Chemist: 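Input: one structure, supplied below.
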There are 2 protein chains.
Amino acid sequence: MYEPNTRRKQEYKQRIKYILDTAESIFAEQGFFRATMRQIALKAEFALGTIYSYFGSKKQLYRKVIETKVNELVDFVTGKMAESPTVQGQVEKFVHTKMTFLHKNPAFLRLYFTKVDVPQLDTEHTWPKKVREKYDSMLRCLTDVIQRGIQEGFFRPMDAKVTTKALDGLTNAFAISWLNSKKQMSVEADMRTVTELFLYGAATPQKSIRNSK
Amino acid sequence: MYEPNTRRKQEYKQRIKYILDTAESIFAEQGFFRATMRQIALKAEFALGTIYSYFGSKKQLYRKVIETKVNELVDFVTGKMAESPTVQGQVEKFVHTKMTFLHKNPAFLRLYFTKVDVPQLDTEHTWPKKVREKYDSMLRCLTDVIQRGIQEGFFRPMDAKVTTKALDGLTNAFAISWLNSKKQMSVEADMRTVTELFLYGAATPQKSIRNSK
DNA sequence: TCATTTTTAGAACGGTTGTTCTAACAATAG
DNA sequence: CTATTGTTAGAACAACCGTTCTAAAAATGA
């Protein structure tokens, strides 16, 4: 028989990862349809057939790329959020870790925003259900925090899910803008802006002193 | 010679519009790459060659679709904004008209969010420069309003451009969510949420009474 | 009616690409 | 070493699609 030993298993994992990373960069550069399997094979230095033997099809390879990265993102964000005890701390962690991750993974950042969540299309224009659910689990985590904040009186009595949507969208807006800017943007400044704007809004407080920080 | 009379000109315009509308719906359903010129010709009830004689190529047709709709959106939004004299009124107009437009044009809504603004790729994944500029003109209009609001003391002293980005992103976030929701969402409620959140934030005002409305 | 222009249906062209296949080669286990 | 399995380079296949072309029909202006 052919019992793969440890090294062999490791090598296999490494190869998978290498192919996934390569595919990610090419999909990010060119988009799903422009990217070709030949390109990916070439850049990853594997034969075309090998890629197919590993991933079956272009679509599956693509899904795997997305799935892997979203899992990474979500685990990173939720993990960090759990570290903070306070509501405000957790919200800040969400903003901070999500934006940091997207900033550190520019290829993924592109993939992330090339996709739209339109379940009607189960094609390459939407996220696989598994991925969607993983992402939702992160949002639910945020919703719980916000809900707690409302109960504690830290947040105004709003719909927690809607508020989640707003904060998620706010972070997205800034991340998207990184795609355009040639010059190096200050990520830290953006994170602070998002947090502040989300908590206190744009309008000047009337006859009041805000608890800033 | 062959001097097209008025009716002929009108018919020509109507045809152009009909093809553009048809193309919009198909591009929205399938995305640029999946959509085929044959499909569009079939649905628009024109011969394939006729479409080509009108628009030259698939890419040009696509660009025209986007361009037309973005122009409509921007003119609609900026037009309505100009109607209001106050800063707060103009901000509300922006939120209201932009979201209303996107809600009333679900096909465009999809196209709008399938595209990402990545100037590095001058392919189908980005907006044509002309479109980008048009959209930017709308954002600049909003930036001016916010700048005025800052000077008047209505807004806190923030970077007006950054604040614009935030508000634009906030409206996008809610519009995107309409793509997913099977059930009819309350657009009015979403518009109010966006406005409130943008102006006053999510945190509870401390020792203060907010001027609500 | 006649000459001109538009439109049409569909064939045809040319290129691309996902996927499979083949035959040779390399690595591995026993 | 030998049988087995994994890998490779590249050919081959098959389908698709953007685009052009053709010949006929329809519409138009005079």
Side-chain angles (χ1 to χ4, degrees), chain A residues 1-20 22-24 26-66 121-125 128, chain B residues 1-20 22-27 29-66 121-125 128:
Chain A
M1 256 300 127
Y2 206 53
E3 184 70 22
N5 59 20
T6 313
R7 175 174 65 79
R8 217 166 155 65
K9 272 187 191 166
Q10 272 193 354
E11 279 183 6
Y12 178 80
K13 273 195 177 176
Q14 277 183 341
R15 284 175 177 181
I16 293 285
K17 177 152 173 45
Y18 195 78
I19 295 174
L20 284 175
T22 308
E24 184 195 23
I26 291 196
F27 281 135
E29 272 170 30
Q30 323 231 25
F32 178 81
F33 287 101
R34 277 191 187 288
T36 73
M37 292 299 270
R38 282 171 239 264
Q39 266 181 321
I40 295 170
L42 191 69
K43 184 163 181 194
E45 293 166 273
F46 284 93
L48 188 53
T50 312
I51 309 277
Y52 272 94
S53 78
Y54 282 168
F55 293 98
S57 75
K58 187 184 185 184
K59 197 186 272 192
Q60 282 176 55
L61 171 58
Y62 184 78
R63 284 165 124 74
K64 206 73 190 170
V65 166
I66 300 280
L121 313 171
D122 70 336
T123 64
E124 290 65 34
H125 284 271
Chain B
M1 256 299 129
Y2 205 52
E3 184 71 22
N5 60 19
T6 313
R7 175 175 64 79
R8 215 162 159 65
K9 273 185 191 168
Q10 272 193 353
E11 279 183 5
Y12 178 79
K13 274 194 176 177
Q14 277 183 341
R15 285 175 175 183
I16 293 286
K17 176 155 173 44
Y18 194 78
I19 295 174
L20 284 175
T22 307
E24 184 194 23
S25 77
I26 291 196
F27 281 134
E29 273 170 29
Q30 323 231 24
F32 178 80
F33 287 101
R34 277 191 186 289
T36 72
M37 292 298 270
R38 282 172 239 265
Q39 267 182 319
I40 293 170
L42 190 69
K43 185 163 181 194
E45 294 167 272
F46 284 94
L48 188 52
T50 312
I51 309 277
Y52 273 94
S53 80
Y54 282 168
F55 293 98
S57 74
K58 187 184 185 184
K59 197 185 274 194
Q60 282 177 57
L61 172 57
Y62 184 78
R63 284 164 123 74
K64 205 75 190 168
V65 167
I66 300 280
L121 314 170
D122 70 336
T123 65
E124 291 64 33
H125 284 270

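Naming convention: chains lettered A, B, ... in sequence-line order (proteins, then strands); numbering from 1 in each chain. Bear in mind the structure is a predicted one, so any value in this text is a computation, not a measurement.
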Chemist: Determine whether B/F27 and B/I66 make a side-chain contact, defined as any pair of heavy atoms from C-beta on separated by less than 4.5 Å.
Modeler: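 No; the side chains remain at least 4.5 Å from each other.
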Chemist: Taking the nucleotide of DNA chain C with the closest heavy atom to each, which residue, B/I51 or A/M37, is nearer the 5' end?
Modeler: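 The residue mapped nearer the 5' terminus is B/I51.
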Chemist: How long is the line joining CZ of B/F32 and P of D/dC17, in whole Å?
Modeler: 13 Å
Chemist: Quick one: is C/dG10 close enough that its OP1 or OP2 comes under 4.0 Å of any side-chain N or O from B/R38?
Modeler: no
Chemist: Tell me if the NZ atom of B/K64 is crowded by more than 12 foreign heavy atoms within 6.0 Å.
Modeler: no
Chemist: Between B/I40 and B/K58, is any pair of side-chain heavy atoms under 4.5 Å apart?
Modeler: no
Chemist: Tell me: CG of B/L48 to P of C/dA11, nearest whole Å?
Modeler: 12 Å
Chemist: To the nearest angstrom, how far is A/Y52 atom OH from D/dT8 atom P?
Modeler: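 Interatomic distance, OH of A/Y52 to P of D/dT8: 15 Å.
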Chemist: Any donor-acceptor pair under 3.5 Å linking the side-chain atoms of B/K43 with those of B/S25?
Modeler: yes
Chemist: Could you state the atom-to-atom distance from CZ of A/F33 to P of D/dC16 in whole Å?
Modeler: 14 Å
Chemist: Looking at B/Y54, I'd like to know whether one of its side-chain N or O atoms comes within less than 4.0 Å of OP1 or OP2 on C/dT6.
Modeler: no
Chemist: Atom OH of B/Y12 and atom P of C/dT6: how far apart are they, to the nearest Å?
Modeler: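 After rounding, the gap between these two atoms is 10 Å.
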Chemist: Do any side-chain nitrogens or oxygens of A/T50 fall under 4.0 Å of OP1 or OP2 in D/dT8?
Modeler: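 Yes.
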Chemist: To the nearest Å, how far apart are A/R15 CZ and C/dA26 C1'?
Modeler: 11 Å
Chemist: Let me know the distance between CZ of A/F55 and P of D/dG6, rounded to the nearest Å.
Modeler: 16 Å
Chemist: Please confirm whether B/Y54 and B/Y12 have ring centers closer than 6.0 angstrom.
Modeler: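 Yes: the rings meet the under 6.0 Å criterion.
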Chemist: Report which part of the nucleic acid B/A41 touches: base, sugar-phosphate, or nothing (heavy-atom distance under 4.0 Å, all strands).
Modeler: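 Contact class for B/A41: none.
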Chemist: May I have the distance from A/Y62 (atom OH) to C/dG18 (atom P), rounded to whole angstrom?
Modeler: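 My rounded result for the distance is 14 Å.
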Chemist: Quick one: on DNA chain D, does A/A47 or B/G56 contact a more 5' nucleotide (nearest heavy atom)?
Modeler: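 Result of the comparison: A/A47.
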